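Counting convention: from 1, in listed order, for ligands and their atoms alike. This one's a predicted model, so the numbers in the text were calculated from it and none came from an experiment.
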Amino acid sequence: MWKGRFAQQTADLVQQIGESISFDWRLYRHDIRGSIAHARAQLTAGLLTQEEFEAIEKGLKEVEGRIERDEFEFSTELEDVHMNIESALTEAIGPAGAKLHTARSRNDQVATDTRLYCRAEIDILAAGIRDLQKALLAQAKTNADVILPAYTHLQRGQPVTVGHHLLAYVEMLERDHSRLLDCQKRLNLSPLGSGALAGSTINLDREAVAEELGFAGVTRNSMDAVSDRDYIAELIFAISLCGVHLSRLSEDLILWCSSEFGFVILSDAHTTGSSLMPQKKNPDVCELTRGKTGRLLGNLTSILVAIKGLPLTYNRDLQEDKEPLFDSIDTLKLTLAVNAEMIAAMQIRPERCRQAASDPMLLATDLADWLVLQGVPFRHAHELVGKAVAKAVESDTPLDQLDLAAVDPAFTASGKALRDDVPENPSEVFNLDRALAARTNPGAPSPVNVSAEVTRWEQRLA
Ligand code: ARG
C-alpha cells in the first residue's frame, strides 16, 4: 500500500510484529459498513459515479459474504482488516476500488470500526447482565424469606434473608448495566473524516456518514478523534468492575456450597469431580469466574499503560488496544452466561441456612435496641449487652437462656418504654422471625420489604 516510497520489502519479522489481521478480522462487518457509508459520501461529493459507487457497495457486500461463509483468505502481508478488505475489493472490481480510500486514513477508519464494534458488543453484554439478574431474582423470589446469617469479617453478624442477599448482587449488576449504557452513549460519535490527523482537503459530508452509521453526531477535533481510546478504556473498566462483582458472588457461592456452610447445592451440570477423590464435587465455575477476573484487570492495566505515554496523535502502540478489548468482552460474555445458568439451577437449603442463623448471639444488637427503647443510651446498652455476652460465653449458656436481670437490673422492663410495641420480656427479641420482620426501613431485609423489592425488580426487568 505504500510501495511508492520504499525500495525494500518489509522484513518478515516486521510483518510478524505488525500484523493485526489475526485478531482484528472480527471488525470486518463494521469496516465494510463504514466503507459503504464513506463511499456514499464520495458519491454525493461527486468523487464517484453512480456506477462506481454501486460496484464498490456490491463488491464490499460480496467480500462480507465470503468472510461470513469462511471463504475469504486473510493475508498477513496485508497487515490488518482494513487493507485486506480494500485489496480484495480492488481485485474484484478494479480501479473504482482504488478510489475508496480518498479522504480517509486507517487512523479514522480503525477508530470508526472499533466504536461500532464496541457499540454492538455492549448490547450483547447488557443483555447478558439482564439474564443473570433474572436468574438471581428468581432465586431471590423463591427464597425471599429463608433466613441466613450475614457476615462482616466473615464472622456471623446479623440475620438476613437469602432473598435480600441475592438482591444485593442484582443491585451491583444494575450499576454495571448502566455503566455500559453510559459508555455506549459517550462513544457514539463518528470519527470518520478526521483523516490521518488533520481531516482532508476533500470535504465529505461527515454528518451524513455519521447518520448512516447510526452515530449521534461527529467528533469535534480530528487530532483527538484519531488518538482517543478512552471509550475502550471505559468499556474495559466497566467490564472489569462487573467481573469483580461476579468474582465476589463466586466467593459467596464457594463458601455457601462448602460442607462448613452448606447453604446451597450447585447442580451436577455446573460442578466438576476429582480425578482422585471420588466424593468431591467442586465449584469450578465459581473459581474460574474468580480467576478470570484477574485477566480482566490485566486487560485494564494493558490499555491504560498503552495510552499513558503517547503524544498526539495516532501511534502504532494503539493497535495493542484490540486484544485486551476482545478478550475482556469474550470473557465477560462467557462468565455472565455460565453464571446465569448455574444460578438458575442451584438449590438453596433453607433448613441449613436457618440453622446457621439460629445462634441467639446474632440478635445481640436487637437486645441492645430493646434497652434503648427502655430509655438506656445506646453506648451504655452496648456495654450491658457485651457483659451479658461475656457471661453467656463464660458459662456456656445460650444468650437467650441467660438470666439477664441477674447480669444487670436494666434488663427489667422500665415501664417507660419509648414505644408501645416493645415486649415486656427482653428474651422475646430472640425470636428470629420477629427480629427480621421488624427490619422494615427502606433497604432493610424484612420479608415484606424483600418481596416488595422482588416485585419492583420483576417489573423493571420485564
Ligand atoms: N491496524 C491499525 C490499528 O489497529 C490500523 C491503523 C494503522 N495506522 C497506521 N498509521 N499505521 O491501529
Check this for me, if you would: do Arg33 and Glu64 make a salt bridge, where the nitrogen-to-carboxylate-oxygen distance has to be below 4.0 angstrom?
no

Give a yes or no on whether the backbone of Ile343 and the side-chain of Gln139 come within a donor-acceptor separation of less than 3.5 Å.
yes

What about Tyr28 and Phe74, are their ring centers closer than 6.0 Å?
no

Could you go through Asp31 and His82, starting from their C-alpha distance and side-chain angles, then the distance that decides it, and tell me whether this counts as side-chain hydrogen bond (donor to acceptor under 3.5 Å, both in side chains)?
CA-CA 7 Å; Asp31 194 72; His82 324 293; 2.8 Å; yes

For ligand 1, what are the residues with a heavy-atom contact below 4.0 Å?
Ser20, Asp80, His82, Arg106, Asn107, Val110, Tyr314, Gln319, Lys322

Axial cation check for Tyr231 ring with Arg115, 6.0 Å and 45° limits:
yes

Does the side chain of Thr289 pick up a donor-acceptor pair with the side chain of Asn339 at under 3.5 Å?
yes

